[in-house]
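We count residues from 1, following the sequence as given.
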Amino acid sequence: MPHHALEITLTHPLNQAELDAASRRMPLAANHDTTRLMALIDAKTPHRAARRLRHQLGGLLPIDVITTHYPDAEHNVLLNAAFPPDTHAAVKAEARRAGLTPQRFMELAVHRALAHHTEREMNRLHQEMRQLLTHTSPAHLLSAVGHAIARLPKDPTP
């Protein structure tokens, strides 16, 4: 059975006792402030791995979101979020009205939100570039951007 690397994003940092209790259920790797954990789960699919992880640790940890650490062959990352019952019911109702499964409904909603965010970011950058070009030539601006990029840290942390 394949192993799936899953990242757990927590709603708040764990104390040492909480981390120890969860680690007794399965091996976990924590980031520096214990707000994110990594786990390797045996399962046939990433969906089953995320479900298994949530089932085993959901009662012990303040889990916000579980994601696959590596994209699949289609470059997608699984996003496993547990909603409160009223939110879950609302998503199911909206999905039913749209003729979609709740999973597909949420997938499309996330894609729309990311596309909207990307468009806003591109518009913001376009406006900032136009503002910069009022004070310098395109060649000087391009040179400055190249110098700035060359001086970025090699391994930035998120």
When hydrophobic residues are tied together by side-chain contacts of less than 4.5 Å, even through go-betweens, does Y70 share a cluster with L78? no

Is any side-chain heavy atom of R104 less than 4.5 Å from a side-chain heavy atom of E107? yes

Between L37 and L40, is there a shared hydrophobic cluster once you connect ILVMFWY residues whose side-chain heavy atoms come closer than 4.5 Å? no

Would you sort out whether H126 and M122 count as a side chain to side chain contact (heavy atoms under 4.5 Å, CB included), showing the intermediate values? CA-CA 6 Å; H126 179 75; M122 292 304 294; over 6 Å; no

So, does N31 use its side chain to make a donor-acceptor pair with the main chain of R36 at under 3.5 Å? yes

Determine the minimum heavy-atom distance between E18 and L14, stating which atoms define it. OE1-CA, 3.3 Å

State, to 0.1 Å, how close V91 and F105 come at their nearest heavy-atom pair, and which atoms those are. CG1-CD2, 4.1 Å

Are any side-chain N or O atoms of H4 and backbone N or O atoms of T68, one a donor and one an acceptor, separated by less than 3.5 Å? no

Less than 4.5 Å apart, side chain to side chain, heavy atoms only: is that true for Q127 and R124? no

Is there a donor-acceptor pair under 3.5 Å between the side chain of S143 and the backbone N or O of A139? no

Any R130 side-chain heavy atom under 4.5 Å of T134 side chain: no

Show your reasoning for whether side chain to side chain contact (heavy atoms under 4.5 Å, CB included) applies to R120 and H116. CA-CA 6 Å; R120 283 192 2 234; H116 179 69; 3.4 Å; yes

Nearest-0.5 Å distance that lies between atom CE in M106 and atom CD in E94: 11.5 Å

Would you say the side chain of K92 lies within less than 4.5 Å of the side chain of H88, judging by non-hydrogen atoms? yes

Can any side-chain N or O of R25 pair as donor or acceptor with the backbone N or O of L60 at less than 3.5 Å? no

Hydrophobic cluster membership, with links at side-chain heavy-atom distances under 4.5 Å among I/L/V/M/F/W/Y: are V77 and L10 in one? no

Quick one: pull up CD1 in I149 and NE2 in H147 and give me the separation to the nearest 0.5 Å. 11.5 Å

Main-chain N/O of I41 paired to R52 side chain as donor or acceptor, under 3.5 Å: no

Hey, could you give me the CG/CZ distance between D20 and R24, rounded to the nearest 0.5 Å? 6.0 Å

Treating Ile, Leu, Val, Met, Phe, Trp and Tyr as nodes and any side-chain heavy-atom pair under 4.5 angstrom as an edge, say whether L79 and L6 lie in one connected cluster. no

L57 to A22 - nearest heavy-atom pair and separation: CD2-O, 3.9 Å

Do T67 and T9 have side chains that approach each other closer than 4.5 Å (heavy atoms only, starting at C-beta)? no

Gap between atom CG of L53 and atom CG of L61 - 0.5 Å precision: 8.5 Å

Considering residues, nucleotides and ligands other than H135, do more than 12 of their heavy atoms fall under 6.0 Å from its NE2? yes

Is L141 close to L133 at the side-chain level, that is, under 4.5 Å between some pair of heavy atoms? yes

Locate the shortest heavy-atom distance separating A81 from R54; write the atom from each residue and the value. CA-NH2, 3.8 Å

Any donor-acceptor pair under 3.5 Å linking the side chain of T34 with the backbone of A30? no

When you group the ILVMFWY residues by side-chain heavy-atom contacts below 4.5 Å and let the links chain together, are V65 and M38 in the same group? no

Do you know which two heavy atoms are closest between P13 and D33, and how far apart they sit? CB-O, 3.4 Å

